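Not measured: the values here are computed from a predicted model. Atoms within each ligand, like the ligands themselves, are counted from 1 in listed order.
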Amino acid sequence: MRTYQNITTETESAIGIITINRPKQLNALNKETIAELHEALDNFNKDKTIRVIIVTGSGEKAFVAGADIKEFMYFNPVQGRELAAKGQELLFDFVENLETPVIAAINGFALGGGLELALASHIRIASDNAKMGLPEVSLGVIPGYGGTQRLAQIIGKGRAMEMILTAEMINADKALNYGLITEVVPQTELITAAKNKAQKLMKNSPKAQSFAIKAINATYTKAGFEVEKDLFGQAFDTEDFKEGTAAFVERRKAEFAGK
Ligand code: DAK
């Protein structure tokens with residue numbers, strides 16, 4: 001099996017398990033990690049002995065604490081829009097439209113691009129210490145990997161609007177109540193719970209499941225995703241974006257001028 005720099009993969013009883021493995025950066029998604037995730041997901045999807053894929057994060061603290069801020073803070077608007085499009089194609093749209101069901105096992109912080117990865121997955125379960133949010137506006141940017149669209153699709157416009165505009169995190173119980181996740185378990189039981197869920201999925205027809213994924217996804221329009229990409233790119237050209245990302249790195253509160 002191929003060795004990756006930022007993820008690990010293993011197989012067990014027809015389940016492909018992908019663990020994002022940058023614990024020092026709380027598993028933040030940089031370009032390389034996104035490319036590796038694409039490759040691993042593609043390989044598992046093509047392998048017909050694999051019936052379900054589980055995606056999780058290494059360590060006890062984070063699933064994925066977002067896109068790698070230290071990488072994207074230097075992008076200009078053109079790079080921002082291009083990378084948003086590329087990221088969606090390689091990972092977020094790719095996961096959403098994969099034929100093999102993907103379970104996100106959220107083992108801690110799932111923020112920004114991390115929550116967006118979970119939102120693109122077909123099923124989400126979480127450990128009781130998990131915290132979820134889209135904090136992008138606190139950095140002067142907006143969710144750029146489908147979060148403005150998929151969060152509202154899953155939990156409704158009102159709750160999505162509140163989560164995105166406040167940039168606040170919610171805990172696992174609230175996420176369960178919102179329907180953002182479908183199960184909460186103690187952290188030590190998370191992977192077992194994900195594997196049990198996978199076993200349930202395996203009782204059914206893979207062909208019919210892939211048709212069902214396609215049919216469910218067909219409801220949603222693509223127009224909103226295009227608007228998100230454009231506005232995401234525009235946000236990279238604002239003073240607020242420079243201030244928001246600089247404040248994160250300098251560990252201080254951002255002072256937004258609204259420009
Ligand atoms: N990126 C890079 N490094 C991160 C990170 C991130 N998202 N999150 C955490 N880290 C790093 C910290 O900088 C720190 O590194 P050192 O200082 O030790 O070198 C290390 O991980 C441990 O984090 P903390 O010391 O902050 O740990 P705490 O327990 O104090 O806090 C926290 C945990 C999760 C509350 C905090 O780390 C945090 O607020 N993290 C940032 C959350 C966040 O705002 N995530 C980004 C959301 S925006 C794009 C498309 C989409 C996006 C971007 C670009 N393109 C197409 C270009 C999406 C953007 C987002 O995801």
A67 versus ligand 1: do any nitrogen or oxygen atoms come within less than 3.5 Å of each other? yes
Going by chain and number, the hydrophobic cluster around F256 (ILVMFWY, side chain to side chain under 4.5 Å) further includes none
### Message
Does ligand 1 come near enough to G113 that some N or O of the ligand is less than 3.5 Å from an N or O of the residue?
### Response
yes
Q. Going by heavy atoms, is K61 under 4.0 Å from ligand 1?
A. yes
* Are any of the heavy atoms in G87 under 4.0 Å away from ligand 1? -> no
Ranked by distance from atom 56 (C) of ligand 1, the top protein heavy atom is A84 N, 2.9 Å
Residue, atom and distance of the protein heavy atom nearest atom 2 (C) of ligand 1 read D68 OD1, 3.4 Å
| field | E116 N/O under 3.5 Å from ligand 1 N/O | value | no
shortest atom 37 (O) of ligand 1-to-protein heavy-atom contact is with L26 CD1, 3.6 Å
Rounding to 0.5 Å, atoms CD (E116) and CG (L29) come to a distance of 9.5 Å
Within the 4.0 Å heavy-atom cut-off, what A28 brings close to ligand 1 is side chain
heavy-atom search around atom 8 (N) of ligand 1 in the protein gives A65 CB, 3.6 Å
When distances are taken from atom 40 (N) of ligand 1, the protein heavy atom at minimum range is F248 CE1, 3.6 Å
**OP:** Would you please say whether a donor-acceptor pair under 3.5 Å links the side chains of N6 and E32?
**Re:** yes
Shortest non-hydrogen pair, A172 vs M132, comes out as CA-CE, 4.1 Å
TODO: Can you confirm whether something in the protein, heavy atoms only, sits under 4.0 Å from atom 30 (O) of ligand 1?
DONE: no
If you scan protein heavy atoms around atom 49 (C) of ligand 1, the nearest is F232 CZ, 3.1 Å
| message | Pairs of nitrogen or oxygen atoms closer than 3.5 Å, one from I69 and one from ligand 1: do any exist? | response | yes
Any side-chain donor paired with an acceptor under 3.5 Å for N21 and T19? no
**Item:** Worked check of salt bridge (Lys or Arg N to Asp or Glu O under 4.0 Å) between R159 and E162
**Value:** CA-CA 5 Å; R159 288 165 168 170; E162 180 170 324; over 6 Å; no
Flag: protein heavy atom within less than 4.0 Å of atom 54 (C) of ligand 1: yes
*So, N107 versus S127: side-chain donor-acceptor pair below 3.5 Å or not?*
no
If you compare E228, K24, Q79 by their heavy atoms, the one closest to atom 20 (C) of ligand 1 turns out to be K24
Discussion item. So for atom CD, which belongs to E10, do other residues, nucleotides or ligands contribute more than 12 heavy atoms lying within a distance under 6.0 Å?
Written reply: yes
| field | Crowding at NZ, K131 (>12 non-hydrogen neighbours, <6.0 Å) | value | no
Among K70, Q25, M169, K229, the residue with a heavy atom nearest to atom 13 (O) of ligand 1 is K70
Of all protein heavy atoms, the one nearest atom 60 (C) of ligand 1 is E136 OE2, 3.5 Å
Ring pair (Phe, Tyr, Trp, His ring centres under 6.0 Å) pairs touching residues 192-231, sequence neighbours excluded, are none
L111 N/O to ligand 1 N/O under 3.5 Å
no
Quiz item: Can you check side chain to side chain contact (heavy atoms under 4.5 Å, CB included) on R2 and E39, steps first, answer last?
Solution: CA-CA 10 Å; R2 153 130 157 64; E39 191 182 328; 2.7 Å; yes
